[in-house]
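Numbered from 1 within each chain, the chains take letters A, B, ... in sequence-line order. Here the structure is a predicted model, which means the values were calculated and not measured.
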Amino acid sequence: MIRDDLAAAVLDALRALGVDPLPATVAMERPARREHGDWSSNVALATAKKAGRNPRELAAELADHLNAHPPAHVTAVELAGPGFLNFRLAPTWLHDVLTTVVDEGVDGYARSDLGEGRTVNVEFVSANPTGPVHAGHARGAAYGDALARLLDRCGYGVTREFYVNDRGVQMQKYGASLAARKAGEEPPEDGYLGEYVVAWAAEMPDGVDPVAWGEDRALQDQRETLEAFGVDFDVWTRELSLVDSGAIEATLAELRALGKVYEADGATWLRSTEYGDDKDRVLIKSDGELTYLMPDIAYHRDKFSRAERLINVWGADHHGYVARMKAAMQALGHDPDELEVSIVQMVDLLKDGAPVKISKRSGELVELRDVVDEVGADAARLTYLLQSIDSRQTVDLAVVASQGMENPVFYVQMAHARIHGIARRAAEAGVVRAGLDEVDLGLLVAERELDVLRSLSELPEVVRVACEDRAPHRVTSWVRELAGAFHGFYHDCYVIGDDVPAELTQARLWLVESARVGLSIGLDLLGVSAPESM
RNA sequence: GCCCUCGUAGCUCAGCUGGAUAGAGCAGCGGACUUCUAAUCCGCCGGUCGCAGGUUCGAAUCCUGCCGAGGGCGCCA
């Protein structure tokens, strides 16, 4: 890659100039301003002090040396500002990018071995099996799935997992609510009041256990809805299966053997304060019932037996739970850093201009199924992936459903549709794309053309950083940028036409192909479809 | 009181882990269609990066303290 080539050349120059000590890394970056060249480095500023040199003088000497021994594609190296080195490159470096993109293709370009084949388990959504998946779950669903896609592209062995909390009082209340509705009665105190309970109760056969039947019904609904949203899980783990397998007992026994639990006030406690938690936590209540925490510890222990690293996607209302779970894993001998928790901040939902409060118990909710039906999975997913999970998000369903300019999903999908529009036009005109090695990419010199290639050149870095930072929204930003560059190209540079020379048409067809590859990769990472026409 | 996240243009948000004159989209104003989709493109307008210190060649970015918003501090899940 050009970045590494330039960095290596700078390092050689530093060595040739006798700079000591040499920096561990040479930073190369894309300057924000075009007049600062195609690439720049702050290496003189960063190393001058330790080497006992004046930054500007050092930069000047480096520039001289590099101009005397220019790396491939470099036409000029300039000293600028307090000691920056600005590199100007011939467009050939971007033609190389094009070749790389189309050679490596959708499957190969912007892939990395960051993960080195390590296994990672991403657990997300994990809605209780007491009702449908609602809009409150959707942000975590879109995030978790996009993160899994990123990890996969970066060389991790990924498992998408859904944890089913099918044990405990909520299930009993849910079952009782179903039974009451079936009998034509109101749900009990603290029961589930949603309309869906009425509908499902009407489906429920006579003589079945309402809790077990209700769980299956809810899971079926959740699975269908998530599938329609583009999210497929590899593993669904039921809490009851941990009871049946003895995993909970085994985990408790292990913690006891390790001396990490004690009895007090009639309850059984975990010594989580030994590992940085604020207070010790109850595992078994004084009435003999397990807390939520105990099976969850067993569950995480189980996940660690199946994957080297765990990533939990939790809502902000669960962040207080992180310290105790990490403590529990540490007590069991795991490295707490191998348990990551991505905290997704809350979503404020706006429907018809008014805020919607989500509450499954009261039945006041917007089902994800309805959102997908109304606005489509693509628009919904892109909306949720528009911004960092660290920021609280306001989702206005009217905006997501709109086909106007305020909705970015059409902007990016349109770019992809236009690419295929060009292909259709080429077919009509009888233009056949020649082999890449027979085409003169040197004809691609217009700024609009080069902008597309510049954007494509950044994708591998974007994917790597997005993966490392667990930040799929960076991919969203990039996709919008590439789409913008492509629309500009599309507007100004005709690919097929009487006044476009045949050679230029050929070069541009390959440019279009490289844009198609880039857009396909980006949209796929987000789980957004790439339509061929709109 | 303690912990987590956020505070950047009228609105919604980026900002590549410290770089040069802080960027997009929307909204507003003004332009561009005989040609591959005008669901597009171009220009203009718009900022004490919450406030105050600190770290250094250099801070929206890192540290500390305040202010404001949201979330969390159960033998609930």
Near-ring test A:His416/A:His420, centroid separation under 6.0 angstrom | yes
Looking at every strand, decide which applies to A:Ser477 at a 4.0 Å heavy-atom threshold: base, sugar-phosphate, or nothing.
-> sugar-phosphate
Between B:C49 and B:A60, how far apart are the P atoms? Round to whole Å, please.
-> 8 Å
With centres under 5.5 Å and planes under 30° as the test, does A:His473 stack with B:A14?
-> no
On a whole-Å scale, what distance lies between the C1' atoms belonging to B:C41 and B:A22?
-> 25 Å
Using the P atom in both, what is the distance from B:C6 to B:U21, to the nearest Å?
-> 27 Å
Looking for any heavy atom pair under 4.0 Å, which part of the strands does A:Ala80 touch: base, sugar-phosphate only, or nothing?
-> base
Establish, from distance only, whether the side-chain atoms of A:Gln506 and A:Arg433 form a donor-acceptor pair under 3.5 Å.
-> no
Quick one: A:Arg281 CZ to B:C76 P, roughly how many Å, whole number?
-> 13 Å
Under the rule syn = chi within 90° of 0, otherwise anti, which is B:U17?
-> syn
Plane angle bin for A:Trp269 and A:Tyr262 - parallel if under 30°, tilted between 30 and 60°, otherwise perpendicular | parallel
Kindly confirm whether the side-chain ring of A:His318 is stacked on the base of B:A77, judged by centres under 5.5 Å and planes under 30°.
-> yes
May I have the distance from A:Ile389 (atom CD1) to B:G70 (atom C1'), rounded to whole angstrom?
-> 15 Å
Expressed as a whole number of Å, how far does the P atom of B:G15 sit from that of B:A20?
-> 16 Å
Is the phosphate of B:U37, meaning OP1 or OP2, less than 4.0 Å from a side-chain N or O of A:Tyr411?
-> no
To the nearest angstrom, the NE2-P distance between A:His491 and B:U35 comes to 11 Å
Distance-only side-chain donor-acceptor flag, A:Glu215 / A:Tyr174, under 3.5 Å | no
Distance, P atom - from B:G18 to B:C62, rounded to whole angstrom = 8 Å
With a 4.0 Å cut-off on heavy atoms, is A:Arg508 in touch with a base, just the backbone sugar-phosphate, or nothing at all?
-> nothing
Does A:Arg30 or A:Glu239 map to a spot on RNA chain B nearer the 5' end, using the closest nucleotide for each?
-> A:Arg30
Across the strands shown, which category fits A:Asp348 at heavy-atom distances under 4.0 angstrom: base, sugar-phosphate, nothing?
-> nothing
Across every strand shown, the nucleotide meeting Watson-Crick or G-U wobble geometry with B:A14 (both distances under 3.5 Å) is none
Now, which nucleotide makes the Watson-Crick or G-U wobble pair with B:A20, with each of the two distances under 3.5 Å?
-> none
Using the C1' atom in both, what is the distance from B:U55 to B:G71, to the nearest Å?
-> 31 Å
Rounded P spacing from B:A9 to B:U61 in Å = 15 Å
Give a yes/no on whether any side-chain N or O of A:Lys285 is located under 4.0 angstrom from OP1 or OP2 of B:A77.
-> yes
Is the aromatic ring centre of A:Tyr490 closer than 5.5 Å to the centre of the six-membered base ring of B:U40, with the two planes inclined by less than 30°?
-> no
Modelled atom types, side-chain donor and acceptor of A:Ser391 and A:Gln345, under 3.5 Å | no
If we require ring centres under 5.5 Å and near-parallel planes under 30°, does A:Phe84 stack on B:G19?
-> no
NA contact type, A:Asn165, heavy-atom cut-off 4.0 Å: base, sugar-phosphate, or nothing?
-> nothing
Is there aromatic stacking of A:Tyr494 against B:U35, centre distance under 5.5 Å, plane angle under 30°?
-> yes
How about A:Glu239 and A:Asn165: does a side-chain donor come under 3.5 Å of a side-chain acceptor?
-> yes
With heavy atoms under 4.0 Å as the rule, sort A:His487 into base, sugar-phosphate or nothing.
-> sugar-phosphate
In Watson-Crick or G-U wobble terms, both distances under 3.5 Å, what is the partner of B:U61?
-> none
Side-chain N or O of A:Arg324 closer than 4.0 Å to phosphate OP1/OP2 of B:C73 | no
